[in-house]
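Below, each value reflects all heavy atoms present in this structure, side chains not excepted, and no hydrogens, waters or symmetry copies.
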Amino acid sequence: MADWVNAGTVENCYTSGKIENNNGYKFLGGLIGQCTAGTQIKGCASDTNVVSTFSGDDCDTVGGLIGQWENSTDDSLITDCWFGGSVSCNNINSGVAGILGANFDFGGQPGVIIRNCMVSTKNITCAEPGNITWITAAATVLVKNCIWPDTPPADVTLDEETYPDNNGNYFAAVRLIVDWNAGTASADPNFDQSKCGKSVSNFTLANVLTELQENASEGIKWVCGINHPTFSWNELNILADYTKVNEAKSKVPNDLSIYTDESVKALKDVLALVEDGKNLTEQEIVDGYAMNIENAIKELKYKDADYTKVNEARAKVPSDLSVYTDESIKSLKDILTSIEEGKNITEQATVDGYADAITKAISELKYRLADYTKVNEAKSKVPNDLSIYTDESVETLKNALNAVKYDKNITEQDIVDEYAMNINKALEKLKKKEITSIDKTQRKQIKTGDSTNFIGLAGLMILSMFGYIILKKEDIR
(Lines give C-alpha, C1' and ligand atoms only; values in the text may rest on other atoms or scores of the structure.)
Protein backbone atom coordinates (compact mmCIF):
# COMPACT_ATOMS: atom_id res chain seq x y z
CA MET A 1 0.00 0.00 0.00
CA ALA A 2 2.85 2.38 0.87
CA ASP A 3 6.61 2.29 0.65
CA TRP A 4 7.16 4.69 3.58
CA VAL A 5 4.83 6.22 6.14
CA ASN A 6 6.22 8.88 8.51
CA ALA A 7 4.15 9.97 11.51
CA GLY A 8 0.98 9.03 9.68
CA THR A 9 -2.12 7.02 10.49
CA VAL A 10 -3.15 3.98 8.48
CA GLU A 11 -6.52 2.61 9.53
CA ASN A 12 -8.91 -0.06 8.24
CA CYS A 13 -6.79 -0.95 5.22
CA TYR A 14 -6.32 -4.30 3.52
CA THR A 15 -3.92 -5.57 0.87
CA SER A 16 -3.51 -8.76 -1.10
CA GLY A 17 -1.63 -9.94 -4.15
CA LYS A 18 2.16 -10.18 -4.41
CA ILE A 19 5.09 -7.86 -3.74
CA GLU A 20 8.59 -9.00 -4.70
CA ASN A 21 12.08 -7.49 -4.50
CA ASN A 22 15.06 -8.97 -6.28
CA ASN A 23 17.69 -6.26 -5.59
CA GLY A 24 18.18 -6.25 -1.84
CA TYR A 25 18.63 -3.21 0.41
CA LYS A 26 14.91 -2.78 0.88
CA PHE A 27 12.39 -2.62 3.68
CA LEU A 28 9.74 -4.92 2.32
CA GLY A 29 6.23 -5.38 3.76
CA GLY A 30 2.86 -6.60 2.59
CA LEU A 31 1.15 -3.39 3.79
CA ILE A 32 3.95 -0.83 4.22
CA GLY A 33 7.66 -1.06 3.47
CA GLN A 34 8.84 1.23 6.25
CA CYS A 35 7.32 3.27 9.06
CA THR A 36 9.02 6.05 11.01
CA ALA A 37 8.31 8.26 13.98
CA GLY A 38 4.86 8.15 15.56
CA THR A 39 3.02 6.35 12.78
CA GLN A 40 -0.01 4.39 13.90
CA ILE A 41 -1.39 1.32 12.13
CA LYS A 42 -4.90 0.40 13.30
CA GLY A 43 -7.29 -2.36 12.23
CA CYS A 44 -5.32 -3.27 9.11
CA ALA A 45 -4.73 -6.62 7.44
CA SER A 46 -2.87 -8.26 4.59
CA ASP A 47 -3.01 -11.48 2.60
CA THR A 48 -0.07 -10.40 0.47
CA ASN A 49 2.61 -12.82 -0.71
CA VAL A 50 5.83 -11.05 0.23
CA VAL A 51 8.90 -12.31 -1.63
CA SER A 52 12.57 -11.31 -1.24
CA THR A 53 14.90 -13.21 -3.55
CA PHE A 54 18.17 -11.24 -3.12
CA SER A 55 20.91 -13.21 -1.37
CA GLY A 56 23.81 -10.71 -1.43
CA ASP A 57 25.26 -8.48 1.29
CA ASP A 58 22.67 -5.71 1.13
CA CYS A 59 19.80 -7.77 2.52
CA ASP A 60 16.16 -6.86 2.86
CA THR A 61 14.25 -6.57 6.11
CA VAL A 62 10.94 -8.32 5.51
CA GLY A 63 7.62 -8.27 7.35
CA GLY A 64 4.18 -9.59 6.57
CA LEU A 65 2.73 -6.18 7.35
CA ILE A 66 5.69 -3.80 7.78
CA GLY A 67 9.29 -4.29 6.76
CA GLN A 68 11.11 -2.06 9.27
CA TRP A 69 10.37 0.75 11.73
CA GLU A 70 12.90 3.44 12.51
CA ASN A 71 13.02 6.42 14.88
CA SER A 72 10.03 5.26 16.89
CA THR A 73 8.28 7.54 19.38
CA ASP A 74 5.91 7.01 22.24
CA ASP A 75 3.05 7.13 19.72
CA SER A 76 4.39 4.40 17.44
CA LEU A 77 1.65 1.79 17.34
CA ILE A 78 0.47 -1.34 15.55
CA THR A 79 -2.84 -2.46 17.01
CA ASP A 80 -5.54 -4.94 16.05
CA CYS A 81 -3.91 -6.05 12.81
CA TRP A 82 -3.53 -9.45 11.17
CA PHE A 83 -1.40 -11.10 8.53
CA GLY A 84 -2.60 -14.16 6.60
CA GLY A 85 -0.44 -14.18 3.47
CA SER A 86 3.06 -15.59 3.05
CA VAL A 87 6.66 -14.46 3.41
CA SER A 88 9.66 -15.89 1.60
CA CYS A 89 13.20 -14.64 1.95
CA ASN A 90 16.40 -16.05 0.40
CA ASN A 91 18.92 -14.07 2.47
CA ILE A 92 20.50 -15.62 5.55
CA ASN A 93 21.09 -12.16 7.05
CA SER A 94 17.58 -10.79 6.71
CA GLY A 95 15.27 -10.16 9.63
CA VAL A 96 11.87 -11.72 8.83
CA ALA A 97 8.60 -11.47 10.80
CA GLY A 98 4.88 -11.86 10.40
CA ILE A 99 3.97 -8.36 11.64
CA LEU A 100 7.07 -6.12 11.80
CA GLY A 101 10.37 -7.32 10.30
CA ALA A 102 12.56 -5.36 12.74
CA ASN A 103 12.69 -2.27 14.93
CA PHE A 104 16.11 -0.96 15.91
CA ASP A 105 17.03 1.49 18.64
CA PHE A 106 18.87 4.48 17.19
CA GLY A 107 19.73 6.37 20.34
CA GLY A 108 17.15 5.39 22.90
CA GLN A 109 13.86 5.37 20.94
CA PRO A 110 11.02 3.88 23.00
CA GLY A 111 10.10 1.16 20.51
CA VAL A 112 6.83 0.25 18.75
CA ILE A 113 3.76 -0.90 20.65
CA ILE A 114 2.28 -4.02 19.04
CA ARG A 115 -0.89 -5.25 20.67
CA ASN A 116 -3.80 -7.53 19.89
CA CYS A 117 -2.36 -8.57 16.55
CA MET A 118 -2.56 -11.97 14.88
CA VAL A 119 -0.44 -13.97 12.46
CA SER A 120 -2.79 -16.64 11.11
CA THR A 121 -0.48 -18.17 8.51
CA LYS A 122 2.41 -20.58 8.85
CA ASN A 123 3.79 -19.74 5.42
CA ILE A 124 6.80 -17.73 6.58
CA THR A 125 10.21 -19.01 5.49
CA CYS A 126 13.77 -17.75 5.26
CA ALA A 127 17.16 -19.10 4.18
CA GLU A 128 17.98 -18.84 7.87
CA PRO A 129 14.96 -20.06 9.90
CA GLY A 130 16.53 -18.74 13.11
CA ASN A 131 16.02 -15.18 11.84
CA ILE A 132 12.21 -15.58 11.73
CA THR A 133 9.80 -14.31 14.36
CA TRP A 134 6.03 -14.58 14.23
CA ILE A 135 5.47 -11.03 15.47
CA THR A 136 8.69 -8.97 15.49
CA ALA A 137 12.34 -8.61 16.42
CA ALA A 138 12.91 -5.31 18.24
CA ALA A 139 15.38 -3.53 20.47
CA THR A 140 12.53 -2.77 22.80
CA VAL A 141 9.77 -5.37 22.70
CA LEU A 142 6.35 -3.93 23.48
CA VAL A 143 4.21 -6.83 22.29
CA LYS A 144 1.01 -7.74 24.14
CA ASN A 145 -2.09 -9.95 23.60
CA CYS A 146 -0.92 -11.25 20.23
CA ILE A 147 -1.69 -14.64 18.67
CA TRP A 148 0.54 -16.78 16.45
CA PRO A 149 0.82 -20.41 15.15
CA ASP A 150 2.01 -23.12 17.48
CA THR A 151 4.19 -24.85 14.84
CA PRO A 152 6.33 -23.71 11.90
CA PRO A 153 5.60 -24.67 8.27
CA ALA A 154 5.57 -28.39 7.57
CA ASP A 155 8.83 -28.24 5.59
CA VAL A 156 10.76 -26.30 8.24
CA THR A 157 12.73 -28.15 10.91
CA LEU A 158 14.23 -26.31 13.85
CA ASP A 159 16.37 -29.07 15.33
CA GLU A 160 17.39 -28.81 18.96
CA GLU A 161 21.12 -28.81 18.26
CA THR A 162 21.04 -25.81 15.95
CA TYR A 163 18.19 -23.96 17.65
CA PRO A 164 18.24 -25.16 21.29
CA ASP A 165 16.00 -22.37 22.60
CA ASN A 166 13.27 -22.47 19.98
CA ASN A 167 11.54 -25.68 21.14
CA GLY A 168 10.85 -26.58 17.53
CA ASN A 169 9.00 -23.35 16.68
CA TYR A 170 9.80 -19.81 15.63
CA PHE A 171 10.10 -17.28 18.41
CA ALA A 172 7.02 -15.10 18.74
CA ALA A 173 9.17 -12.05 19.51
CA VAL A 174 12.86 -11.45 19.99
CA ARG A 175 14.57 -8.69 21.93
CA LEU A 176 17.52 -7.60 19.81
CA ILE A 177 20.94 -6.91 21.29
CA VAL A 178 22.67 -4.75 18.71
CA ASP A 179 26.40 -4.16 18.43
CA TRP A 180 26.58 -1.12 16.20
CA ASN A 181 30.33 -1.22 16.03
CA ALA A 182 30.36 -4.84 14.88
CA GLY A 183 27.21 -4.43 12.84
CA THR A 184 25.52 -7.43 14.43
CA ALA A 185 22.24 -8.14 16.21
CA SER A 186 21.50 -11.14 18.36
CA ALA A 187 18.60 -12.40 20.45
CA ASP A 188 18.47 -11.78 24.17
CA PRO A 189 18.35 -15.30 25.65
CA ASN A 190 16.69 -13.99 28.81
CA PHE A 191 13.67 -12.47 27.10
CA ASP A 192 10.36 -14.11 28.06
CA GLN A 193 8.11 -14.19 24.99
CA SER A 194 5.17 -15.64 26.89
CA LYS A 195 4.14 -12.12 27.92
CA CYS A 196 3.57 -11.31 24.25
CA GLY A 197 0.46 -13.47 23.88
CA LYS A 198 -0.08 -17.13 22.95
CA SER A 199 0.17 -19.66 20.18
CA VAL A 200 -2.82 -21.56 18.81
CA SER A 201 -3.35 -24.40 16.39
CA ASN A 202 -6.82 -23.45 15.14
CA PHE A 203 -7.66 -19.84 14.39
CA THR A 204 -11.33 -20.56 13.77
CA LEU A 205 -12.03 -21.47 17.39
CA ALA A 206 -14.52 -19.24 19.16
CA ASN A 207 -12.12 -18.35 21.96
CA VAL A 208 -9.64 -16.81 19.47
CA LEU A 209 -12.28 -14.36 18.28
CA THR A 210 -13.45 -13.73 21.83
CA GLU A 211 -9.99 -12.81 23.09
CA LEU A 212 -9.30 -10.50 20.15
CA GLN A 213 -12.60 -8.72 20.66
CA GLU A 214 -12.09 -8.41 24.42
CA ASN A 215 -8.67 -6.78 23.89
CA ALA A 216 -9.67 -4.67 20.88
CA SER A 217 -8.95 -0.94 20.77
CA GLU A 218 -11.81 1.50 20.67
CA GLY A 219 -13.60 1.49 17.33
CA ILE A 220 -12.23 -1.91 16.29
CA LYS A 221 -14.71 -4.76 15.82
CA TRP A 222 -13.44 -8.25 15.22
CA VAL A 223 -15.82 -10.71 13.58
CA CYS A 224 -15.73 -14.31 12.43
CA GLY A 225 -13.81 -14.62 9.17
CA ILE A 226 -13.36 -17.38 6.61
CA ASN A 227 -10.18 -18.92 8.03
CA HIS A 228 -9.66 -16.67 11.06
CA PRO A 229 -11.14 -13.59 12.71
CA THR A 230 -11.16 -10.35 10.74
CA PHE A 231 -12.86 -6.96 10.80
CA SER A 232 -16.48 -6.21 10.15
CA TRP A 233 -15.62 -4.10 7.10
CA ASN A 234 -13.28 -6.70 5.59
CA GLU A 235 -15.82 -8.39 3.32
CA LEU A 236 -13.10 -10.20 1.37
CA ASN A 237 -12.37 -12.29 4.47
CA ILE A 238 -15.88 -12.71 5.81
CA LEU A 239 -17.67 -15.81 4.69
CA ALA A 240 -20.60 -15.29 2.40
CA ASP A 241 -23.95 -16.45 3.75
CA TYR A 242 -24.37 -20.06 2.67
CA THR A 243 -27.71 -20.49 4.43
CA LYS A 244 -29.67 -20.79 1.20
CA VAL A 245 -27.09 -23.16 -0.23
CA ASN A 246 -27.30 -25.42 2.82
CA GLU A 247 -31.10 -25.29 2.75
CA ALA A 248 -31.06 -26.26 -0.92
CA LYS A 249 -28.62 -29.10 -0.24
CA SER A 250 -30.87 -30.39 2.54
CA LYS A 251 -33.62 -30.83 -0.06
CA VAL A 252 -31.54 -33.18 -2.19
CA PRO A 253 -33.25 -36.60 -1.93
CA ASN A 254 -31.32 -39.20 0.04
CA ASP A 255 -32.04 -41.82 -2.60
CA LEU A 256 -31.16 -40.61 -6.09
CA SER A 257 -31.35 -44.09 -7.59
CA ILE A 258 -35.03 -43.59 -8.42
CA TYR A 259 -34.33 -40.69 -10.78
CA THR A 260 -33.08 -40.77 -14.36
CA ASP A 261 -29.32 -40.81 -14.82
CA GLU A 262 -29.46 -37.64 -16.87
CA SER A 263 -31.33 -35.58 -14.27
CA VAL A 264 -29.14 -36.93 -11.44
CA LYS A 265 -26.01 -36.00 -13.37
CA ALA A 266 -27.33 -32.48 -13.86
CA LEU A 267 -27.87 -32.16 -10.10
CA LYS A 268 -24.47 -33.59 -9.24
CA ASP A 269 -22.80 -31.24 -11.71
CA VAL A 270 -24.47 -28.28 -10.01
CA LEU A 271 -23.44 -29.51 -6.55
CA ALA A 272 -19.86 -29.99 -7.75
CA LEU A 273 -19.73 -26.34 -8.83
CA VAL A 274 -20.38 -25.10 -5.30
CA GLU A 275 -17.21 -23.56 -3.89
CA ASP A 276 -16.98 -23.23 -0.16
CA GLY A 277 -15.21 -20.25 1.35
CA LYS A 278 -16.62 -17.53 -0.89
CA ASN A 279 -16.55 -14.13 0.75
CA LEU A 280 -19.23 -11.50 1.18
CA THR A 281 -18.33 -9.75 -2.06
CA GLU A 282 -19.27 -12.99 -3.82
CA GLN A 283 -22.67 -13.37 -2.16
CA GLU A 284 -24.43 -13.19 -5.49
CA ILE A 285 -22.43 -16.18 -6.72
CA VAL A 286 -23.28 -18.13 -3.55
CA ASP A 287 -26.97 -17.33 -3.91
CA GLY A 288 -26.67 -18.55 -7.49
CA TYR A 289 -25.41 -21.88 -6.20
CA ALA A 290 -28.57 -22.22 -4.11
CA MET A 291 -30.83 -21.30 -7.00
CA ASN A 292 -29.12 -23.76 -9.34
CA ILE A 293 -29.46 -26.57 -6.79
CA GLU A 294 -33.15 -25.80 -6.27
CA ASN A 295 -33.74 -25.81 -10.03
CA ALA A 296 -31.83 -29.06 -10.50
CA ILE A 297 -33.91 -30.69 -7.77
CA LYS A 298 -37.08 -29.52 -9.51
CA GLU A 299 -35.82 -31.01 -12.76
CA LEU A 300 -35.20 -34.43 -11.24
CA LYS A 301 -37.23 -36.94 -13.19
CA TYR A 302 -38.37 -40.25 -11.81
CA LYS A 303 -37.37 -43.37 -13.64
CA ASP A 304 -40.17 -45.26 -15.36
CA ALA A 305 -41.79 -47.98 -13.35
CA ASP A 306 -40.77 -51.52 -14.28
CA TYR A 307 -43.57 -53.16 -16.24
CA THR A 308 -41.70 -56.47 -16.64
CA LYS A 309 -44.05 -58.40 -14.36
CA VAL A 310 -47.07 -56.84 -16.04
CA ASN A 311 -45.83 -57.88 -19.47
CA GLU A 312 -45.02 -61.37 -18.22
CA ALA A 313 -48.52 -61.64 -16.79
CA ARG A 314 -50.04 -60.36 -20.04
CA ALA A 315 -48.10 -63.01 -21.95
CA LYS A 316 -49.87 -65.68 -19.93
CA VAL A 317 -53.35 -64.54 -21.01
CA PRO A 318 -54.76 -67.42 -23.15
CA SER A 319 -54.89 -66.61 -26.85
CA ASP A 320 -58.33 -68.21 -27.12
CA LEU A 321 -60.73 -66.88 -24.53
CA SER A 322 -63.81 -68.30 -26.19
CA VAL A 323 -63.55 -71.43 -24.08
CA TYR A 324 -64.16 -69.51 -20.86
CA THR A 325 -67.30 -68.14 -19.30
CA ASP A 326 -68.35 -64.62 -20.20
CA GLU A 327 -68.25 -63.57 -16.57
CA SER A 328 -64.67 -64.68 -15.94
CA ILE A 329 -63.53 -63.21 -19.28
CA LYS A 330 -65.09 -59.88 -18.36
CA SER A 331 -63.20 -59.80 -15.06
CA LEU A 332 -59.92 -60.36 -16.88
CA LYS A 333 -60.66 -57.79 -19.57
CA ASP A 334 -61.67 -55.20 -16.98
CA ILE A 335 -58.30 -55.60 -15.28
CA LEU A 336 -56.40 -55.40 -18.57
CA THR A 337 -58.18 -52.21 -19.60
CA SER A 338 -57.55 -50.63 -16.17
CA ILE A 339 -53.76 -50.75 -16.62
CA GLU A 340 -52.23 -47.29 -16.95
CA GLU A 341 -48.99 -47.08 -18.89
CA GLY A 342 -46.27 -44.55 -18.06
CA LYS A 343 -46.26 -44.91 -14.30
CA ASN A 344 -43.02 -43.86 -12.64
CA ILE A 345 -40.89 -45.74 -10.16
CA THR A 346 -42.66 -44.21 -7.15
CA GLU A 347 -45.79 -46.01 -8.35
CA GLN A 348 -44.08 -49.38 -8.71
CA ALA A 349 -46.40 -50.93 -6.14
CA THR A 350 -49.38 -49.99 -8.30
CA VAL A 351 -47.74 -51.46 -11.39
CA ASP A 352 -46.87 -54.66 -9.56
CA GLY A 353 -50.50 -54.74 -8.42
CA TYR A 354 -51.54 -54.80 -12.08
CA ALA A 355 -49.43 -57.92 -12.60
CA ASP A 356 -50.85 -59.60 -9.52
CA ALA A 357 -54.40 -58.78 -10.58
CA ILE A 358 -53.85 -60.18 -14.08
CA THR A 359 -52.36 -63.36 -12.68
CA LYS A 360 -55.28 -63.76 -10.29
CA ALA A 361 -57.86 -63.14 -13.02
CA ILE A 362 -56.18 -65.73 -15.25
CA SER A 363 -56.24 -68.27 -12.43
CA GLU A 364 -59.95 -67.57 -11.96
CA LEU A 365 -60.92 -68.07 -15.61
CA LYS A 366 -63.67 -70.68 -15.75
CA TYR A 367 -64.20 -72.98 -18.71
CA ARG A 368 -67.59 -73.15 -20.35
CA LEU A 369 -69.54 -76.42 -19.88
CA ALA A 370 -69.10 -79.06 -22.56
CA ASP A 371 -71.84 -79.56 -25.22
CA TYR A 372 -74.04 -82.47 -24.20
CA THR A 373 -76.32 -82.30 -27.32
CA LYS A 374 -75.07 -85.58 -28.78
CA VAL A 375 -75.41 -87.26 -25.39
CA ASN A 376 -78.98 -86.14 -25.07
CA GLU A 377 -79.77 -87.21 -28.65
CA ALA A 378 -78.33 -90.63 -27.91
CA LYS A 379 -80.33 -90.92 -24.72
CA SER A 380 -83.54 -90.10 -26.59
CA LYS A 381 -83.03 -93.25 -28.65
CA VAL A 382 -83.10 -95.54 -25.63
CA PRO A 383 -86.25 -97.81 -25.84
CA ASN A 384 -88.86 -97.36 -23.21
CA ASP A 385 -89.12 -101.09 -22.66
CA LEU A 386 -85.79 -102.73 -22.17
CA SER A 387 -87.27 -105.99 -20.86
CA ILE A 388 -87.32 -107.59 -24.32
CA TYR A 389 -83.59 -107.27 -24.55
CA THR A 390 -81.01 -109.50 -23.12
CA ASP A 391 -79.76 -108.67 -19.69
CA GLU A 392 -76.18 -108.46 -20.91
CA SER A 393 -76.89 -105.92 -23.68
CA VAL A 394 -79.13 -103.92 -21.36
CA GLU A 395 -76.41 -103.95 -18.73
CA THR A 396 -73.93 -102.55 -21.30
CA LEU A 397 -76.36 -99.79 -22.19
CA LYS A 398 -77.03 -98.93 -18.56
CA ASN A 399 -73.29 -98.77 -17.87
CA ALA A 400 -72.88 -96.36 -20.77
CA LEU A 401 -75.74 -94.25 -19.46
CA ASN A 402 -74.45 -94.28 -15.88
CA ALA A 403 -70.99 -93.25 -17.01
CA VAL A 404 -72.29 -89.86 -18.16
CA LYS A 405 -71.12 -86.99 -15.88
CA TYR A 406 -72.68 -83.59 -16.42
CA ASP A 407 -69.83 -81.58 -14.86
CA LYS A 408 -67.46 -81.72 -17.81
CA ASN A 409 -66.18 -78.47 -19.31
CA ILE A 410 -65.38 -77.59 -22.87
CA THR A 411 -61.82 -78.86 -22.60
CA GLU A 412 -63.32 -82.30 -21.92
CA GLN A 413 -65.62 -82.29 -24.94
CA ASP A 414 -63.97 -85.43 -26.26
CA ILE A 415 -65.02 -87.28 -23.11
CA VAL A 416 -68.59 -86.02 -23.46
CA ASP A 417 -68.69 -87.00 -27.14
CA GLU A 418 -67.37 -90.39 -26.11
CA TYR A 419 -70.35 -90.70 -23.73
CA ALA A 420 -72.67 -90.24 -26.71
CA MET A 421 -70.68 -92.66 -28.83
CA ASN A 422 -70.74 -95.31 -26.10
CA ILE A 423 -74.50 -94.95 -25.67
CA ASN A 424 -75.04 -95.25 -29.43
CA LYS A 425 -72.82 -98.31 -29.57
CA ALA A 426 -74.73 -99.88 -26.70
CA LEU A 427 -78.01 -99.16 -28.46
CA GLU A 428 -76.73 -100.80 -31.60
CA LYS A 429 -75.74 -103.86 -29.59
CA LEU A 430 -79.07 -104.28 -27.81
CA LYS A 431 -80.24 -107.89 -28.41
CA LYS A 432 -83.76 -109.14 -28.06
CA LYS A 433 -84.34 -112.14 -25.90
CA GLU A 434 -84.84 -115.52 -27.73
CA ILE A 435 -88.26 -117.49 -27.43
CA THR A 436 -87.81 -120.95 -25.86
CA SER A 437 -89.92 -124.22 -26.79
CA ILE A 438 -92.05 -123.87 -23.71
CA ASP A 439 -92.82 -120.38 -24.64
CA LYS A 440 -93.90 -121.45 -28.15
CA THR A 441 -96.34 -124.14 -26.82
CA GLN A 442 -97.83 -121.75 -24.34
CA ARG A 443 -98.28 -119.20 -27.02
CA LYS A 444 -100.00 -121.79 -29.30
CA GLN A 445 -102.37 -123.05 -26.57
CA ILE A 446 -103.16 -119.53 -25.64
CA LYS A 447 -103.92 -118.71 -29.24
CA THR A 448 -106.12 -121.87 -30.05
CA GLY A 449 -108.04 -122.10 -26.82
CA ASP A 450 -108.78 -118.46 -26.61
CA SER A 451 -110.14 -118.27 -30.18
CA THR A 452 -112.55 -121.25 -29.79
CA ASN A 453 -113.87 -120.20 -26.49
CA PHE A 454 -114.29 -116.72 -27.66
CA ILE A 455 -116.41 -117.79 -30.67
CA GLY A 456 -118.54 -120.10 -28.60
CA LEU A 457 -119.07 -117.53 -25.95
CA ALA A 458 -119.93 -114.97 -28.56
CA GLY A 459 -122.49 -117.35 -30.17
CA LEU A 460 -124.19 -118.05 -26.86
CA MET A 461 -124.40 -114.39 -26.18
CA ILE A 462 -125.97 -113.71 -29.55
CA LEU A 463 -128.51 -116.54 -29.08
CA SER A 464 -129.34 -115.32 -25.65
CA MET A 465 -129.99 -111.89 -26.92
CA PHE A 466 -132.07 -113.23 -29.81
CA GLY A 467 -134.21 -115.32 -27.42
CA TYR A 468 -134.69 -112.32 -25.24
CA ILE A 469 -135.97 -110.31 -28.10
CA ILE A 470 -138.46 -113.11 -29.10
CA LEU A 471 -139.68 -113.37 -25.58
CA LYS A 472 -140.30 -109.73 -25.44
CA LYS A 473 -142.29 -109.86 -28.65
CA GLU A 474 -144.41 -112.73 -27.31
CA ASP A 475 -145.07 -110.73 -24.25
CA ILE A 476 -146.32 -107.93 -26.41
CA ARG A 477 -148.62 -110.16 -28.12
Does the side chain of [X] pick up a donor-acceptor pair with the side chain of [Y] at under 3.5 Å?
X: Ser55; Y: Asn91; answer: no
X: Ser16; Y: Asp47; answer: no
X: Asp80; Y: Asn116; answer: yes
X: Ser328; Y: Thr325; answer: yes
X: Asn237; Y: Asn234; answer: yes
X: Thr260; Y: Ser263; answer: yes
X: Thr73; Y: Asp75; answer: no

Are any side-chain N or O atoms of [X] and backbone N or O atoms of [Y], one a donor and one an acceptor, separated by less than 3.5 Å?
X: Thr210; Y: Ala206; result: yes
X: Asn227; Y: Phe203; result: no
X: Tyr372; Y: Lys405; result: yes
X: Asn409; Y: Thr411; result: yes
X: Gln348; Y: Asp306; result: yes
X: Arg368; Y: Val323; result: no
X: Gln283; Y: Asp241; result: yes
X: Ser199; Y: Asp150; result: no
X: Asn422; Y: Asp417; result: no

Can you see which heavy atom on [X] is nearest to which on [Y], and at what distance?
X: Asp60; Y: Val62; value: CB-CG2, 3.9 Å
X: Lys26; Y: Asn21; value: CB-ND2, 3.2 Å
X: Val375; Y: Ala420; value: N-CB, 3.7 Å
X: Ile226; Y: Ile238; value: CG1-C, 3.7 Å
X: Lys379; Y: Tyr406; value: NZ-OH, 2.7 Å
X: Thr61; Y: Gly101; value: CG2-C, 3.9 Å

Under-4.0 Å salt bridge between [X] and [Y]:
X: Glu275; Y: Lys278; result: yes
X: Lys360; Y: Glu364; result: yes
X: Glu341; Y: Lys343; result: no
X: Lys366; Y: Glu327; result: no
X: Lys330; Y: Asp326; result: no

- [ ] Apply side chain to side chain donor-acceptor pair (under 3.5 Å) to Asn6 and Thr36, showing your working.
- [x] CA-CA 5 Å; Asn6 178 57; Thr36 53; 2.5 Å; yes
Open item on the list: Under the criterion side chain to side chain donor-acceptor pair (under 3.5 Å), I'd like the reasoning laid out for Thr157 against Asp159: C-alpha separation, chi angles, the key distance, then a yes or no.
Closed with: CA-CA 6 Å; Thr157 301; Asp159 62 87; over 6 Å; no
How about [X]: does its [atom1] atom have over 12 heavy atoms from other parts shown lying under 6.0 Å from it?
X: Asn254; atom1: CG; result: no
X: Lys122; atom1: NZ; result: yes
X: Asp192; atom1: CG; result: yes

Task: Worked check of ring-ring contact (aromatic ring centres under 6.0 Å, His included) between Phe231 and Trp222 - done: CA-CA 5 Å; Phe231 311 112; Trp222 290 86; 4.5 Å; yes
TODO: For Glu70 and Gln68, run side chain to side chain donor-acceptor pair (under 3.5 Å): C-alpha distance rounded to whole Å, both residues' side-chain angles, the deciding distance at 0.1 Å, then the answer.
DONE: CA-CA 7 Å; Glu70 296 180 356; Gln68 186 165 308; 2.9 Å; yes
Task: Rounded distance [0.5 Å steps], CD1 in Ile113 versus CG in Asp74 - done: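 Ile113 atom CD1 to Asp74 atom CG measures 7.5 Å (nearest 0.5 Å).
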Task: Euclidean distance, Glu340 CD relative to Tyr307 OH, rounded to 0.5 Å - done: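 One finds 7.5 Å between OH of Tyr307 and CD of Glu340.
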